[in-house]
Each structure stands twice: as C-alpha cells, then as structure tokens.
Number of protein chains: 2
Amino acid sequence: MNIGDVARQSGVPPKTIRYYEDIGLIRPNRSENGYRAFTENHVHKLAFLGRARALGFTIEDCRTLLSLYEDENRESMQVKAVAEEHLRQIEEKIEKLQSMRTTLTDLVEKCAGDHRPDCPILADLSPVQLSE
Amino acid sequence: MNIGDVARQSGVPPKTIRYYEDIGLIRPNRSENGYRAFTENHVHKLAFLGRARALGFTIEDCRTLLSLYEDENRESMQVKAVAEEHLRQIEEKIEKLQSMRTTLTDLVEKCAGDHRPDCPILADLSPVQLSE
DNA sequence: ATTGACCCTCCAGTAACTGGAAGCCTCATA
DNA sequence: TATGAGGCTTCCAGTTACTGGAGGGTCAAT
C-alpha cells in the first residue's frame, strides 16, 4: 500500500505519516521504486496514533502507548499510569484556562466597547494609572 | 536601569526581555558600555506584557494591545474586540480539553490497572480487536 | 509522448521562549 | 593591582508536532 491509501484509511495525513517515520514511530518497508510500502498493521498503528493524539497524548506518550499496545506482556497498570498522568495535565490546563476565562469575561463585561478611550481591560493590564 | 533590575521589577526574565526587543515589542536605548538602558516606562510596558501573556494573549495580540495602550485616541471597542476574540479561543480550548477529559476519565475508570494485559484504554485507542 | 496524480527528499517556518557557549564589563575584596 | 563573582553582550540551538513548498522521479492512462 502506498502512503496515500494509508492516509485515507487511517485518517493521518501523508506528511504526518512521513514525520512519524522520521521519529521512529512506524517503520514501513520500501518498494523497488523507493515508495514506502505499508501493511494493514501500519494502518492500525496510524489510526491508533491518530486517536491517541486526538486525546491529547504527546508523541512521547504515543511512543510508550504504542509499545505497550504491541507488548503482549504489558500490565494494564502501565497504560493506566500514562493515561492518569495525562489526565492530570489536562485538568491543570483546564483550570488555568478557566481562570483566564473568568478574568477575561469580567474585563470584557466591564468594557464599554464604544468610541471612548477609557478601557477597564487596559487598566487591568496596566501596572500604573494610565496617564492623562 | 540594567536588564536585571527591569527583570526584577517587571517580573519578566532577562532572556524574555531580550527576545521582546528582538521582535520589536520594546526598544531600550544603549549605554556606552553596550548595556541596554531601560526606563520606568519600559518596566511598565514589560509588566503589561507579562500580565497580558499570563492571560493567554498571543504576542501579536500583545503588540496590538500595547499600541492601543499607548494610543490616546484608541476606542475601547478596539480593545474589547481583541479580548473577545481571545476569550472565544480560550472557550474553544476549554471545550476541547473537557471533551478529552471526559473520555479519559471514563477510560481510566474502566481500566483495572493491575498486572494483567487487558486494557480498555488500549482497546479504545485500537481500531481493531486486540489479538488473543 | 504526454498528462495528471502520485511519490520522493530536503529545507524552512510555526510560537514563544529557554539554555548554553564564549567573551566583555564592573565592582569589591585581598 | 590582580582577581573573582556576577552581570551584561551576542549568537546558536533546541523545544512540539507538524505543515508548506520547491524540485524532481514514477506510474497509469490516453
């Protein structure tokens, strides 16, 4: 199978597939003409990677998950540990963003949004009283 | 004032201050010895930038906000527009992360996390039934 | 033989810094 | 006066995970 087929079947773009090969996530063979030659298994792995990336796992996490996926002797606690750590980081990000949202919502509400220069948003960002 | 002092007073690290000069956010003079020479105004601007960055505004947003901050003829609607657009993007990110969290929380709960290989997390990521 | 759709590699750019190397400058102390 | 610590300078590279583009082979069909 050529890269285009695999891309369609896995949902991962050709550029990204080549990149994943570069960083050693997948190792397709080569045909005589130099084209990458993929198997069904590669399609599965790429779909796996696409899904993991969509859940926000880093590439390094994906590398780990993929090796566990292929390891018949894995222990589910290993997988769970990766997922839990990732979940923690997602929750951290959510909290940070929510705090930003709270502040911004407040500022946006307070700003008249008219033709006058006075602006609570700038006032909040500014460490000193705006001159004039 | 040297860069170290400004860094302490504004809360922005020296490296970042130099970077901000590189990209034209601030323009300190130079002393005879080649050191950057900052004023109180630079401290204010940097604190402004630090706060804006903490609220998640991009550097380009910061550039816009800074120019509005310095423009006595600004209209608050210009500031508000930038903030509202940023707010929208933050809300998008939050939603995306919350959806990831929902899925991950569910998967983590379902995973035994023991010494056996069976794992609902991998099963979810995998497009096919795990063999054996 | 040519066309169009593939495929290849390599290079650069993204965002916003951060770390480090190599080398002046300055000030206080021995 | 020498020296050492700490601060300042520039420049280069690395981070994350791709993405776009240039320049150029390959293949199948007309």
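Hydrogens, waters and symmetry mates play no part in the numbers below; they use all other heavy atoms, side chains included.
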ask   = Should the heavy atoms of other residues, nucleotides or ligands under 6.0 Å from CZ of B/Arg27 be counted, would the total exceed 12?
value = no
query = More than 12 foreign heavy atoms under 6.0 Å from CZ of B/Arg30: is that the case here?
reply = yes
key: For A/Arg101, side chain to side chain donor-acceptor pair (under 3.5 Å) partners two or more places apart   = none
key: Nearest atoms (heavy-atom pairs only) where A/Cys119 meets B/Ser76   = CB-CB, 4.0 Å
Any residue meeting salt bridge (Lys or Arg N to Asp or Glu O under 4.0 Å) with A/Asp71, in chain and number order, not counting sequence neighbours = none
ask   = Taking only residues two or more places apart in sequence or in another chain, which ones pass salt bridge (Lys or Arg N to Asp or Glu O under 4.0 Å) with A/Lys96?
value = none
request  = Verify side-chain contact (heavy atoms from CB on, under 4.5 Å) between B/Asn29 and B/Phe38, making sure each step is shown before the conclusion.
outcome  = CA-CA 7 Å; B/Asn29 287 325; B/Phe38 297 89; over 6 Å; no
key: Segment of DNA chain C, first to last nucleotide, that comes within the 4.0 Å heavy-atom reach of chain B   = C/dA16 to C/dT26
message = So, does A/Thr58 get its side chain near the phosphate of D/dT16, meaning an N or O under 4.0 Å from OP1 or OP2?
response = no
query = To the nearest 10 degrees, what angle separates the axes at the start and end of the helix from C/dA1-D/dT30 to C/dA30-D/dT1, five pairs each?
reply = 40°
ask   = Touch check for A/Tyr20, heavy atoms < 4.0 angstrom, all strands: base, sugar-phosphate only, or nothing?
value = sugar-phosphate
ask   = Is there side-chain contact between A/Arg36 and A/Arg18, with heavy atoms separated by less than 4.5 Å?
value = yes
task = Sugar-phosphate means primed atoms, P, OP1 and OP2; the rest is base. With that split, encode nucleotides 1-15 of chain D 5' to 3' as B, S or - using protein heavy atoms under 4.0 Å.
result = ------BSBBB----
message = For the OH atom of A/Tyr35 and the CD1 atom of A/Ile3, what is their distance to the nearest 0.5 Å?
response = 11.5 Å
request  = Can you measure from CG (A/Leu65) to OG (B/Ser126) and round to the nearest 0.5 angstrom?
outcome  = 12.0 Å
